[in-house]
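Data block below; observations after.
In the text below, chain A, chain B and the rest are named by the order of the sequence lines, each starting its count at 1. Side chains included, hydrogens not; waters and symmetry mates left out as well; all remaining heavy atoms used.
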2 protein chains.
Amino acid sequence: MTQTVVQQPTSKAALISVSLAHAENLCRANRARLTPIRRRVLETLHNSNRPLGAYDLAAALAPQGRRMAPITVYRALEFLIEQGLAHRLASLNAYVASSQANDGRGTAAFLICEACGSVSEVSSPELHDAVSNLHKSHSFSPRARLLELTGRCAHC
Amino acid sequence: MTQTVVQQPTSKAALISVSLAHAENLCRANRARLTPIRRRVLETLHNSNRPLGAYDLAAALAPQGRRMAPITVYRALEFLIEQGLAHRLASLNAYVASSQANDGRGTAAFLICEACGSVSEVSSPELHDAVSNLHKSHSFSPRARLLELTGRCAHC
DNA sequence: ACATATATGTTATATAGCTACATATTTAAA
DNA sequence: TTTAAATATGTAGCTATATAACATATATGT
């Protein structure tokens, strides 16, 4: 008889490499170029527990005491956001890697903990429909959606 | 027999003075001080068709060619936002007066037209519930909610 | 190999928001 | 009604965030 399998605690490193592989595939499919800089920005976002500012990234991507030109980071971020690989959190002026968990589940929202700084990307069909109905009822064609809740997470 | 009454096109000026009176009452009730500066910031927001940046306000509130110190505007905005009289639009770094129409109807969302710059504050019970359920299901206690849709309004 | 499109480098600047501290005004208590 | 405390505003300087403009390099398709 088959045992119930307890889910293995997949390592963070493994999760990240899956995400990066996914990014590679997605870009290939879109004929978009995931250049070394863009890839390093995405990787840095994935490696971080919390959202990073553009200048944080600029510092992280250059050697000791130096920093990458901000515009370079912004250009990479613009690309990643266009591809749906990253998000900008407007309430923090900071950026996060997209969670694959919410891929194609429609409208995503972000829960931002003021205490620990963690951010989780969440969604629900109900939310998606509510937002959908709302803009339709006002004959509004949305291009971008921004849903952020700031407060305290379950732990804090 | 009573005629159907066509709704009178209440003048914009009249609507604004109603809003300002409402603000006075609300502040009195809260023992909060709607000082001249704060009142003028709120009035300027009401008079504008579109969201205003803090520096726009600083220019509008000072005579010809001069400008009010930015910090003064930020302090007034902070007050107005705390009182629920104004909102910050994070995707524009700009501010709008609250519409009384959405008072106490729970979660408000903003529809921001990229073509004409207009913003409308909207809400629906459905949206409110969806947001509510979403954060509850993640044991998240929200302090602030940010819902902004950017796109094209019915006219544009 | 060439022309074109795309990406990056470099420098400077625009825009948004805040810190720190001094002064003034209001509020409530003595 | 003077005084003390809280609240609001003034002034100067600064930090953080984001973009413009233009030059150079690299990739892509013919």
Figure out the [atom1]/[atom2] separation between [X] and [N], and round it to whole Å.
X	N	atom1	atom2	value
A:L34	D:dT26	CG	C1'	16 Å
B:Y95	C:dT15	OH	P	16 Å
A:L92	C:dG17	CG	P	14 Å
A:N30	C:dT6	CG	P	14 Å
B:R88	C:dT15	CZ	P	16 Å
B:L77	D:dT9	CG	C1'	15 Å

Legend entry - Strand-adjacent residues in residues 37-72 of chain B, judged by heavy atoms under 4.0 Å from DNA chain D: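 Result for residues 37-72 of chain B: B:I37, B:R38, B:A69, B:I71, B:T72, sorted by number.
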What's the shortest heavy-atom distance between [X] and [Y], and which atoms?
X	Y	value
B:T107	B:L127	O-CD2, 4.1 Å
B:S123	B:A108	CB-CA, 4.3 Å
B:H46	B:I16	O-CD1, 3.7 Å

Measure from the side-chain N and O atoms of [X] to the backbone N and O of [Y], and report whether any donor-acceptor pair falls under 3.5 Å.
X	Y	value
B:Q83	B:A32	no
B:R50	B:C116	yes
A:S48	A:T44	no

Legend entry - Rounded distance [0.5 Å steps], NE2 in A:H87 versus OH in A:Y95: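 One gets 13.5 Å once the value is rounded to the nearest 0.5 Å.
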Inset, instruction - Working to the nearest 0.5 Å, report the span between CD1 of B:I112 and CZ of B:R152. - result: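 Between atom CD1 of B:I112 and atom CZ of B:R152 there are 14.5 Å.
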Legend entry - Distance-only polar pair, side chains of B:E114 and B:T150, donor-acceptor under 3.5 Å: no
Inset, instruction - Tell me yes or no: between the side chains of A:S98 and A:E121, is some donor less than 3.5 Å from an acceptor? - result: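 Absent: no donor and acceptor within the cut-off.
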Polar atom pairs between nucleotides 21-29 of chain C and protein, under 3.5 Å, N or O only, would you list them?
none

Legend entry - Short side-chain N/O contact to D:dA18 OP1/OP2 from A:N93, under 4.0 Å: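 For D:dA18, OP1 or OP2 has a side-chain N or O of A:N93 closer than 4.0 Å.
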Inset, instruction - Kindly say if B:Y74 contacts the phosphate of C:dG17, meaning a side-chain N or O under 4.0 Å from OP1 or OP2. - result: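 Answer is yes, contact under 4.0 Å.
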Inset, instruction - Rounded to 10°, tell me the angle between the two end axes of the helix from C:dA1-D:dT30 to C:dA30-D:dT1, each built from five pairs. - result: 40°
Inset, instruction - Please name the residue in the list A:L92, A:V73, A:N47, A:L45 that meets the side-chain contact (heavy atoms from CB on, under 4.5 Å) test with A:L52. - result: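 Filter result, single survivor: A:L45.
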